[in-house]
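Here's the structure we're looking at; comments come further down.
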Amino acid sequence: MTQIFKTVLSMSLSGAILIAVLLCGIRLLRGRLGRQWQYYIWMIVVMRLLLPFGPEVSLMGQAYRAADRMMAQGTQMVQRERPGGQDVEDAAKRAGQHLEEGTERSPGQNTQGYMVQDTARAKPEAAALAGKYLWVIWLAAALGMLIRKISMYQSYIKYVKAGAEPVGDLALLDQLAVAAHKCGINKAVELCVNPLVASPMLVGYFHPSIVLPSADVSEREFCWIAMHELTHYRRRDILYKWLVQAVVCLHWFNPFVHMMSREIDRACEFACDEAVVAKMGYDSAADYGKTLLNAMAAGSTYREPLAAVNMSANKELLRERLGAIMNCKKHTKAKGLITVGLTACVALGAFFIGVYPSSAAEPKASAQEKSKASNEASGAEAERYYEEHSLPLFYIAFGELDERAQEMWLDRIYADRNHQFFSVCVWRLDGDSPLIQTFAQRFYEEDDVAFFSILADEMMSEEALEGWLEQALSDQKWNFQSMLYDKLNRGEEKDELEKALEAEQKEAYRLVGVTWNGKNCYYEEQLVHIFLDIRMPDRSFYTLDMNPAGTVDIKIERAADGKITGVAYMTEAEVAELFGDMGEDVNLTADKAEVDVEFPRKMTVCMPVCRIREGAGEEFQVVGLLGEGETVNVLGKKEAADGQMWYLLDRESLPQKIDASVKVCYVRGDLLEVN
């Protein structure tokens, strides 16, 4: 229904453009091209407002696409100007807080994308929420208006017929039969009188009846009355008016549609007057005008509904009608050619303005070709937006791809280790997409907790998470167990798991000769200076412990499956590689390694996600993010209350702008390394 409502909006906008053009054109023409043309030309607009069809390339299609692009670009610009704050912290948590503790990320990847994720996600969520309720309001109002109009018309007709008496004057009945024959009407038309009606009128379509305010009317006037009402019947004006009322109900929110309805009511009477005068002779226009004046003089008790056809009118409209009647002339060939040309222009304009989306029926083969072309175009756009690192625009393009193309993009993004774009793709997938299960299984088998966590956050139900947890427990995959306990908010079980894992790990160390006594580590009865255990081949998780009182540097050796195979002494080259070019600047204290360097100096982020805080400590608010490989200027260092070292950053060296209200920017000391 959201798509239907979107189509109705595009139809309404198309119709508004046509209505504005026609209203201006009709005012300029001032009746020069015939009143009947001015009446029936509106049928093109009515059809544009009712039929959701148009060419593949249309004004509305381009307008909607341009609007989508502008909204996405505007979203991106706003996010670039925002300093971060709580939204950034939430985004970082959702992207995987475990990343800061060691999950791998591609070097140089711009963490500013995390700031865009909330906005990129908020856009489709807000649009979906608006669509969910707006179409209900639109449809309820449209049905309510239509039911009300039908009820009012039926009530009016009921009251008119209830007070109507058949006319028994044979002369009037004969005249009615003659008038019907002139108009080419073979159906029997009743003649009644009801003193409560405002003027002569035609009611009913399947059982037409002309109702007079009084039977005391001259034969000449009755002739004009009969011709006028029968002309309405012959031209099916009642059906035309009801069609217009259906359009008004469908597009009740569009003021141009209400203007069109009033203009059609006016044009209906002008066109009928012109047709009657043309049939009865232009020399008789004065008599016809006099009949209209007499009809206007009649009183009124009932107010006619919008779809009724009668002879009465307000004084201003009557004056205009009388002027038009007196100026009625036979149309020339030149006028005929001009009207044909203008009609063709309006029809072509209505067609090419189009709607969005175009839903004209196509042969199967043509539809497949169209889908292929659309997929190729969307693929090219996705490629461009991916290269430009434009998350909101990539989100739109990715959603227009077919499932096969989406799978290829997910493979590529996974190979690039691009967490932000993978999150955007996941938001665009349907909840029942087979790609979710396929990639979840792949990540599980490849022990990729970071990407699996994205799927768990966005697309997995609690039941699915429970199933994966059971499998992780069965396979003894502690990293997946820990992550899934977090997703399921089962903190106590996670704590028990971590304690058990710690005990199991120390037992594994003991079996290869490494023992612990409090915070002191020993190997072959020697106090360890540097202890290094890289648990994953890709260095995504490791343990590093340093004791300045130690005398040996050791590292844990593991097999491809992650099991400990032994212990080895670290060489000087390995130590130098571990600490970069800090060399002798490494000054080890009793509890931790502290880098003693001169400031200011450049340092590089060595973890996938690095939070910038407005103070030295975890309790301070996050004001920005840095990514692995990004370089900043460090002005100094400060020790927090818990003993953790924090670095003071030069705001001007940060890749993203920080709000001016933030006085200082700090990052945790273990997240940076000296260049």
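Positions are given from 1, in the same order as the sequence printed here.
The neighbour count for Met408 CE, taken as heavy atoms of other residues, nucleotides or ligands under 6.0 Å away, does not exceed 12. More than 12 heavy-atom neighbours from other residues, nucleotides or ligands sit within 6.0 angstrom of CZ on Arg490. Within a 6.0 Å radius of CD in Glu619, other residues, nucleotides and ligands contribute more than 12 heavy atoms. Residue-environment remark: CD (Glu387) exceeds the threshold of 12 foreign heavy atoms within 6.0 Å.
The minimum heavy-atom distance linking Leu626 with Pro655 is given by the pair CD2-CD, 3.5 Å. The heavy-atom pair separating Gly669 from Tyr647 by the smallest distance is O-CE1, 3.5 Å. Heavy-atom minimum distance, Thr343 versus Ile44: O-CD1, 3.9 Å. Of all heavy-atom pairs between Arg558 and Ile534, the closest is CD-O, 3.6 Å. Shown here for Arg651 and Lys663, the closest heavy-atom pair between the two residues is CD-O, 4.3 Å. Nearest heavy atom pair, residue Ala472 against residue Gln481, reads O-NE2, 3.0 Å.
A donor-acceptor pair is defined here as one N or O able to donate and one able to accept, closer than 3.5 Å; no such pair exists between the side chain of Trp42 and the backbone of Val244. Although no hydrogens or angles enter the test, the distance criterion places no donor-acceptor pair under 3.5 Å between the side chain of Arg48 and the main chain of Gly15. Counting only distance, with no hydrogens or angles, the side chain of Ser423 and the backbone of His419 share a donor-acceptor pair below 3.5 Å. Checking side-chain atoms of Lys477 against main-chain N and O of Tyr444 turns up a donor-acceptor pair under 3.5 Å. Using modelled atom types, no side-chain atom of Trp468 and backbone atom of Met460 make a donor-acceptor pair closer than 3.5 Å. Counting only distance, with no hydrogens or angles, the side chain of Asp416 and the backbone of Asn418 share no donor-acceptor pair below 3.5 Å. A donor-acceptor pair is defined here as one N or O able to donate and one able to accept, closer than 3.5 Å; no such pair exists between the side chain of Arg428 and the backbone of Phe398. One N or O on the side chain of Ser14 and one on the backbone of Ser10 form a donor-acceptor pair closer than 3.5 Å.
Taking CG of Leu401 as the start and CD of Glu381 as the end, the distance is 9.5 Å to the nearest 0.5 Å. Atom CG of Leu22 is separated from atom CD1 of Ile26 by 5.5 Å, given to the nearest 0.5 angstrom. Distance check, rounded to the nearest 0.5 Å: CG of Asp457 to CG of Leu465 gives 9.0 Å. Note that SG of Cys249 is 8.0 Å distant from CH2 of Trp242, once rounded to the nearest 0.5 Å. In this structure, CZ in Arg384 is found 9.0 Å from OG in Ser390, a value given to the nearest 0.5 Å. Distance CD/Gln245 to CG/Leu146: 9.5 Å, rounded to 0.5 Å.
Taking the side chain as every heavy atom from C-beta outward, Ile612 and Tyr666 never approach each other to under 4.5 Å. Inter-residue side-chain proximity for Leu143 and Leu139 is flagged as met; some heavy-atom pair is nearer than 4.5 Å.
Residue Met603 forms a side-chain contact (heavy atoms from CB on, under 4.5 Å) with just one option from Leu649, Val634, Asn633, Leu671, and that option is Val634.
A salt bridge links Glu618 with Arg668; the closest basic N to acidic carboxylate O contact falls under 4.0 Å. A salt bridge does not link Arg404 to Asp402: none of the charged side-chain nitrogens sits closer than 4.0 Å to a carboxylate oxygen.
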Subject >> Worked verdict on Asp650 versus Lys602 for salt bridge (charged side-chain N to carboxylate O under 4.0 Å, His left out) >> reply: CA-CA 10 Å; Asp650 179 7; Lys602 291 187 178 297; over 6 Å; no
Original post:
Which is it for Met43 and Met47 under the side-chain contact (heavy atoms from CB on, under 4.5 Å) test, yes or no, and what are the steps along the way?
Top reply: CA-CA 6 Å; Met43 185 62 75; Met47 292 299 102; 3.9 Å; yes
**OP:** Carefully, step by step, assess Arg611 and Val667 under the rule side-chain contact (heavy atoms from CB on, under 4.5 Å).
**Re:** CA-CA 6 Å; Arg611 294 185 178 87; Val667 297; over 6 Å; no
Subject >> Criterion side-chain contact (heavy atoms from CB on, under 4.5 Å) on Val622 and Glu614, from CA distance to verdict >> reply: CA-CA 7 Å; Val622 175; Glu614 61 177 354; over 6 Å; no
Original post:
So Ile413 and Cys425, side-chain contact (heavy atoms from CB on, under 4.5 Å) or not? Walk me through it.
Top reply: CA-CA 9 Å; Ile413 293 169; Cys425 294; 3.5 Å; yes
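A donor and an acceptor atom, one from each side chain of Ser453 and Lys487, are located under 3.5 Å apart.
Applying the salt bridge (Lys or Arg N to Asp or Glu O under 4.0 Å) test to Glu383 and every residue at least two apart in sequence or in another chain returns Arg412.
Applying the ring pair (Phe, Tyr, Trp, His ring centres under 6.0 Å) test to pairs two or more places apart or on separate chains, those with a residue in residues 399-418 are Tyr386-Trp409, Phe394-Trp409, Tyr414-Phe443, Tyr414-Phe451.
In summary, the aromatic rings of His251 and Phe256 are positioned with their centroids too far apart to meet the 6.0 Å limit.
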